[in-house]
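This chain uses plain numbering: 1 for the first residue, then up along the sequence. The figures that follow rest on heavy atoms only: side chains count, while hydrogens, waters and symmetry mates do not.
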Amino acid sequence: MAGDDRAKASSTGSSGLVRPPRTRLDQPKAPRRRLLPEYDPEAFGRFSERIARFLGTGRFIVWMTLIIILWVLWNIFAPKDLRFDQYPFIFLTLMLSLQASYAAPLILLAQNRQDDRDRVTHEQDRKQNERSIADTEYLTREIAALRMGLGEVATRDWIRSELQDMVKDMEERQVLFPAESDEGDR
């Protein structure tokens, strides 16, 4: 019992207020309860891209045109008690405004995602180009070093020309000093 009193006294401090237990810094915090439902931003982004792609097709224009024509024809030629939007077509205007107010941000979201993908692709291309340039420079230096090394190596053509020069020299000596060559024969 005395141990419990000491534990309470140490956690309350001198003011008598109870401090919350210390959280450990080496462990992640427990997730908080959220009031709003959670959603996957990637799934929403993919959904918005599908909608934006559909809004940019001829199929969407055809369907939208057919719906508007049917809407107008129904509200002009249908019996008066079945018409739901009279001549100035205020409800049609509201629906088109609502569609536009949702389409614009979805298209912008899809464009932003495409810009992000393009930025990543551009960065990867830039890095690949840098690696290619570095590889090309390395190979250029290696080829230059090989050429410099080959400059000191005797090539077949050089050896052939040197041998031909020596043969000419020997023939000239034989012409100039025929006696030396005869003494060698005896």
Side-chain angles (χ1 to χ4, degrees), residues 1 3-141:
M1 187 98 174
D4 291 338
D5 291 337
R6 272 188 250 131
K8 285 181 185 177
S10 68
S11 69
T12 59
S14 60
S15 64
L17 298 175
V18 177
R19 279 193 249 154
R22 291 186 179 187
T23 58
R24 293 187 52 172
L25 296 177
D26 61 337
Q27 294 178 349
K29 285 185 171 182
R32 295 181 182 175
R33 295 185 71 189
R34 296 181 186 245
L35 298 176
L36 299 175
E38 292 187 32
Y39 70 97
D40 181 17
E42 285 299 312
F44 185 74
R46 287 189 300 271
F47 176 71
S48 68
E49 285 177 343
R50 283 199 317 253
I51 291 174
R53 279 192 205 104
F54 177 69
L55 291 176
T57 62
R59 186 185 322 167
F60 171 75
I61 300 293
V62 168
W63 279 108
M64 190 68 145
T65 304
L66 288 176
I67 289 171
I68 292 172
I69 289 171
L70 289 174
W71 186 295
V72 170
L73 291 176
W74 178 266
N75 287 300
I76 290 176
F77 297 115
K80 285 202 183 268
D81 57 335
L82 294 178
R83 295 179 192 171
F84 54 90
D85 194 15
Q86 296 301 319
Y87 165 66
F89 306 117
I90 303 298
F91 190 51
L92 176 62
T93 305
L94 176 68
M95 296 309 293
L96 291 174
S97 297
L98 183 65
Q99 182 267 334
S101 69
Y102 274 99
L106 288 175
I107 290 170
L108 289 174
L109 178 63
Q111 286 177 342
N112 289 341
R113 287 174 52 90
Q114 185 63 43
D115 287 344
D116 292 342
R117 282 194 297 271
D118 290 345
R119 189 177 306 113
V120 168
T121 302
H122 177 69
E123 182 67 23
Q124 289 173 346
D125 289 346
R126 189 185 63 76
K127 287 181 181 178
Q128 180 63 36
N129 288 340
E130 286 177 358
R131 285 192 297 268
S132 296
I133 289 170
D135 290 346
T136 304
E137 289 174 354
Y138 171 77
L139 290 174
T140 304
R141 287 191 301 271

Q.
Within this structure, what is the CG-CD distance for the pair D135 and Q128, rounded to the nearest 0.5 Å?
A. 8.5 Å
Q | Sub-4.5 Å side-chain heavy-atom contact between L55 and Q99 | A | yes
Q: Would you give the length of the straight line joining atom CE of M64 to atom CD1 of I67, rounded to the nearest 0.5 angstrom?
A: 7.0 Å
Q.
Are more than 12 heavy atoms, taken from residues, nucleotides or ligands other than R34, located less than 6.0 Å from that residue's CZ atom?
A. no
(Q) Go through it in stages, so that I can follow the logic: the residues are F84 and W71, the test is ring-ring contact (aromatic ring centres under 6.0 Å, His included), and I'd like the CA-CA distance, side-chain angles, deciding distance and then a yes or no. (A) CA-CA 9 Å; F84 54 90; W71 186 295; 5.0 Å; yes
Q: Please round to the nearest 0.5 Å and tell me the distance separating atom CD of E137 and atom CG of L139.
A: 10.5 Å
Q. What are the two closest non-hydrogen atoms of E49 and A110, and how far apart are they?
A. CG-CB, 3.8 Å
Q. If you draw a 6.0 Å radius around CZ in R117, do more than 12 non-hydrogen atoms from other residues or ligands fall strictly inside?
A. yes
Q: Would you check if Q111 and L108 make a side-chain contact, meaning some heavy-atom pair closer than 4.5 Å?
A: yes
Q: Count the heavy atoms of every other residue, nucleotide or ligand shown that sit under 6.0 Å from CZ of F44, and state whether that count exceeds 12.
A: no
Q) With distance as the sole test, does W74 use its side chain to make a donor-acceptor pair with the main-chain N or O of I69 at under 3.5 Å? A) no
Q) Of the non-hydrogen atoms in L109 and S48, which two are nearest, and what is the gap between them? A) CD2-OG, 3.2 Å
**Q.** Spatial distance of atom CE (M95) from atom CG (D85) [nearest 0.5 Å]
**A.** 10.5 Å
Q) Nearest heavy-atom pair of D26 and R24: which atoms, and what distance? A) OD2-NH2, 2.6 Å
Q. Quick one: do E123 and R119 make a salt bridge, cutoff under 4.0 Å?
A. no
Q. Can you tell if the side chain of I68 reaches within under 4.5 Å of the side chain of L96, non-hydrogen atoms only?
A. yes
(Q) With a 4.5 Å cut-off on side-chain heavy atoms, are F89 and Y87 touching? (A) yes
Q | Y102 atom OH: more than 12 heavy-atom contacts under 6.0 Å | A | no
Q: With side-chain contact (heavy atoms from CB on, under 4.5 Å) as the test, would you mind laying out the steps for H122 and K127 before giving the verdict?
A: CA-CA 9 Å; H122 177 69; K127 287 181 181 178; over 6 Å; no
Q: Any chance you could measure L106, atom CG, to F54, atom CZ, to the nearest 0.5 Å?
A: 13.0 Å
Q. Of the non-hydrogen atoms in R83 and I76, which two are nearest, and what is the gap between them?
A. NH2-O, 2.6 Å
Q) Are any of the side-chain heavy atoms of F91 and N75 separated by less than 4.5 Å? A) no
(Q) To the closest 0.5 Å, what do you measure between CD1 (I61) and CZ (R59)? (A) 12.5 Å
